Amino acid sequence: ARHGQVPMRKRQLPASFWEEPRPG
Amino acid sequence: AWQGHCIGSTKIRLVEFSAFMEQQRDPDTYNKHLFVHIGQSSPSYNEALLESVDIRQIYDKFPEKKGGLKELFEKGTPNTFFLVKFWADLSIHTQDEAGMFYGVTSQYESAENMTITCSSKVCSFGKQVVEKVETEYARFENGRFLYRIHRSPMCEYLINFIHKLKQLPEKYMMNSVLENFTILQVVTNRDTQELLLCVAYVFEVSTSEHGAQHHIYKLVKD
């Protein structure tokens, strides 16, 4: 990340945020 | 029935949102490709309650000055703010751009007859680079008021952005670029200036063979 932004991976986000849903 | 299960406040609900490209092959044949899509035409109790994300985790991904996400959240009512993580489908390869149309269709419904203003801000590194503002009037249909922004042309900035993104050879490179690309949509009642809905969009590229995917979260301040 530039401009001093914290990478998304280092933020407090639900585990599902990184799991692409499987259709059906 | 749908509150807490999908994108919607007490005043208005998102029914559909899609960004697409469409090419006319001949007078009767269109090829349509959806980059992203949300369909909420018939949500129910059966769908899981939305998970929450602390809005402070994403403040810097969106405009932070006057009228920014923080100010909107502090002025707005709870249950009006949502986050969508899109896995966009960029798995389309076109030989030529002739007859190509890039568009966005969104539809909302409400029990109230209003005139709504929809602002869409495209942001890079949290800073707004382009904004589109659209006004939509209600159409009474099947006992509720519908607001349909149909086939709104995608701005040049977004079309160029998609083209450049697709030229990257690896998905991790696309995701690296998308890390700093966001869109903020704000729906307000034009006449009262009441904030009706605020949706923050963040993106990755889909690895699925089944098209675009998404997760929806409600934005809260714990």
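Being a predicted model, the structure only gives us computed values, none of them experimental. Only this structure's heavy atoms are used, side chains among them; waters, hydrogens and symmetry mates stay out. Proteins get letters first, then strands, A, B, ... in listed order; numbering begins at 1 in each.
Under a cut-off of 6.0 angstrom, the local environment of NZ in B:Lys166 is crowded, with over 12 non-hydrogen atoms contributed by other residues, nucleotides or ligands.
What you find for A:Gln5 and B:Gly126 is that their closest heavy atoms are NE2-N, 4.1 Å. Scanning both residues, A:Leu13 and B:Val53, for their nearest heavy atoms gives CD2-CG1, 3.8 Å. In terms of heavy-atom proximity, B:Ser52 sits nearest to A:Pro14 at O-CG, 3.8 Å.
Considering CZ of A:Arg11 and CG of B:Asp54, their distance stands at 11.5 Å, rounded to 0.5 Å. Here CG of B:Leu178 is found 11.5 Å from CE of A:Met8. Values are rounded to the nearest 0.5 Å. Distance check: A:Glu20 CD to B:Phe86 CZ gives 12.5 Å after rounding to the nearest 0.5 Å.
Of the atoms belonging to B:Gln57, heavy atoms from both backbone and side chain fall under 4.5 Å from chain A. With a 4.5 Å cut-off on non-hydrogen atoms, B:Thr207 touches chain A through its backbone and its side chain both.
No other option in B:Lys85, B:His210, B:His214, B:Arg56 has as many heavy-atom pairs under 4.5 Å with chain A as B:Lys85.
With hydrogens and angles disregarded, a donor-acceptor distance shorter than 3.5 Å links the side chain of B:His215 to the backbone of A:Ser16. Side chain of B:Tyr217 to backbone of A:Phe17: a donor-acceptor contact under 3.5 angstrom is found. The backbone N or O of A:Pro7 lies less than 3.5 Å from no partner atom in the side chain of B:Glu179, so there is not a single donor-acceptor pair.
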